[in-house]
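Here's the structure, in structure tokens; my notes come after.
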Amino acid sequence: MRQLQLSDLRARALEQADLDTDLQFTGAGTSPLVNGMGSAQYGDLCGVVAGTGLRYFESTQTAVMDGTTNVITEPTAILSLVDTIERVYDPVNGRLRRLRPIAPQERAYWAGRTGYARVWELVDRQLLLYPKPPANDQYILRFIPQPPDLRNAADNTMVDVVCPDGESFMIWGWTVRALAKARSDVTLALAERDAARDRLAEWAALRLFHEPPRIMPEDDSDLFPMRDGSWSYDR
């Protein structure tokens with residue numbers, strides 16, 4: 001993790017662009033305009049990291065079912081789902097069971113059933129669980145969130161630029177946008193931004209390579225075979 005204040009990132013970008021004394025970028029009321037450029041650049045940074053498959057920005061959300069529906073609406077700030085959905089079958093000890101995704105052809109087999117969910121599908125930004133879970137059953141979603149909007153963020157907001165190459169990509173990308181707004185030459189800033197982006201993507205890919213997902217053995221003593229050949233649990 002590498003965090004810097006939003007005001008520091010903005011100042012460094014404007015210094016690189018030689019616009020740190022230009023009232024178009026530093027005058028009263030200009031912060032939202034300039035921060036908007038940084039916000040767009042931060043979205044690019046998050047996209048580069050997430051695009052490699054690295055789960056750096058992963059977040060979780062627990063959905064508590066009410067017993068009347070099998071639908072979980074996707075979080076409004078979601079960029080993409082990670083992995084699968086897990087049921088909390090032992091809240092006291094935090095024990096989980098993985099649900100598996102199903103193909104549309106399997107829906108008829110599962111539709112209309114009630115009980116602890118074993119499978120899921122994503123339809124029109126809604127996660128459908130099958131069978132329909134009982135009230136108070138808990139399910140954990142793991143996802144990559146959307147990048148935050150920094151346009152109206154406070155100057156002391158801490159921005160996670162991931163690593164030194166992410167910092168360079170953020171600053172030089174912000175510089176490119178500021179120079180373009182000022183109708184100045186962006187040649188050098190573009191070259192520096194693109195080089196930093198390549199280094200950031202390589203860093204993320206190498207970290208992912210050295211932290212590969214591993215298939216872990218499970219205690220299947222409470223599992224039973226299902227008609228489709230998979231295994232589920234009777235809890």
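Within 6.0 Å of CG in Asn156 there are more than 12 heavy atoms belonging to other residues, nucleotides or ligands. The environment of CG in Asp8 is crowded: more than 12 heavy-atom neighbours from other residues, nucleotides or ligands sit within 6.0 Å.
A cation-pi contact links Arg113 to Trp110, judged by a cut-off of 6.0 Å to the six-membered ring centre and 45° from its axis.
From Leu14, atom CG reaches atom CG of Leu19 across 6.0 Å, with rounding to the nearest 0.5 Å. A distance of 9.5 Å separates CD1 of Ile72 from CG of Leu128, quoted to the nearest 0.5 Å. In this structure, SG on Cys163 lies 5.0 Å from CG on Leu200, to the nearest 0.5 angstrom. The distance from the CD1 atom of Ile78 to the CG atom of Leu141 is 7.0 Å, given to the nearest 0.5 Å. For the atom pair NZ of Lys132 and CG of Asn70, the computed distance is 7.5 Å after rounding to the nearest 0.5 Å. The distance from the CZ atom of Phe143 to the OG1 atom of Thr60 is 7.0 Å, given to the nearest 0.5 Å.
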Which side-chain N or O atoms in residues 24-40 pair as donor and acceptor under 3.5 Å with protein atoms at least two apart or in another chain?
residue, atom, partner, partner atom, Å
Thr26, OG1, Asp22, O, 2.9
Thr30, OG1, Phe25, O, 3.1
Thr30, OG1, Gly27, N, 3.4
Thr30, OG1, Gly27, O, 2.6
Asn35, OD1, Arg10, NH1, 2.9
Ser39, OG, Asp149, OD1, 3.4
Ser39, OG, Leu150, N, 3.0

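Using a 3.5 Å distance cut-off with no hydrogens or angles, the side chains of Tyr42 and Asp44 do not pair a donor with an acceptor. Residues Tyr56 and Asp160 have side chains that bring a donor and an acceptor to within less than 3.5 angstrom of each other. Under the 3.5 Å distance criterion, with hydrogens and angles disregarded, no donor-acceptor pair is assigned to the side chains of Tyr130 and Glu106. Side chains of Gln41 and Arg177: a donor on one and an acceptor on the other come within 3.5 Å.
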Inset, instruction - Determine, step by step, whether Arg199 and Ser168 satisfy the side-chain contact (heavy atoms from CB on, under 4.5 Å) criterion, reporting the C-alpha distance in whole Å, the side-chain angles of both residues, the deciding distance to 0.1 Å, and the verdict. - result: CA-CA 10 Å; Arg199 295 194 305 271; Ser168 294; 3.9 Å; yes
Inset, instruction - Using the side-chain contact (heavy atoms from CB on, under 4.5 Å) rule, take Glu58 and Ile144 through it: C-alpha gap first, then chi angles, then the decisive distance, then the call. - result: CA-CA 5 Å; Glu58 180 177 324; Ile144 303 296; 4.2 Å; yes
Inset, instruction - Could you give me the CA-CA distance, side-chain angles and deciding distance for Val162 and Met1, then say whether side-chain contact (heavy atoms from CB on, under 4.5 Å) is met? - result: CA-CA 5 Å; Val162 183; Met1 178 184 294; over 6 Å; no
Legend entry - Residues Gln138, Arg87; criterion side-chain contact (heavy atoms from CB on, under 4.5 Å); working and verdict: CA-CA 6 Å; Gln138 299 179 32; Arg87 175 176 175 257; over 6 Å; no
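Every residue was checked against the salt bridge (Lys or Arg N to Asp or Glu O under 4.0 Å) condition with Asp90, not counting sequence neighbours, and none meets it. Every residue two or more places apart in sequence or in another chain that forms a side chain to side chain donor-acceptor pair (under 3.5 Å) with Trp120 is listed here: Thr84. With sequence neighbours left out, the salt bridge (Lys or Arg N to Asp or Glu O under 4.0 Å) criterion links Glu74 to Arg125. For Asp66, the side chain to side chain donor-acceptor pair (under 3.5 Å) test picks out Thr68, with sequence neighbours left out. Partners of Arg151 according to the salt bridge (Lys or Arg N to Asp or Glu O under 4.0 Å) rule, which considers only residues two or more places apart in sequence or in another chain, do not exist here.
Salt-bridge check for Glu121 with Arg107: passed, with a basic side-chain N closer than 4.0 Å to an acidic carboxylate O.
The shortest heavy-atom contact between Gly115 and Pro134 is O-CD, 3.7 Å. Among all heavy-atom pairs drawn from Thr52 and Ala204, the shortest one is OG1-CB, 3.5 Å. The two atoms that bring Phe57 and Leu45 nearest to each other are CZ-CD2, 4.4 Å, heavy atoms only.
For the side-chain contact (heavy atoms from CB on, under 4.5 Å) test with Leu99, the passing option among Val119, Leu127, Leu129 is Leu129; the others fail. Of the candidates Arg142, Arg97, Arg118, Arg95, Arg142 is the only one forming a salt bridge (charged side-chain N to carboxylate O under 4.0 Å, His left out) with Glu86.
In this structure, Asp185 contributes its side chain and Thr187 its backbone to a donor-acceptor pair below 3.5 Å. Judged by distance alone, the side chain of Thr175 and the main-chain N or O of Ala13 form a donor-acceptor pair under 3.5 Å.
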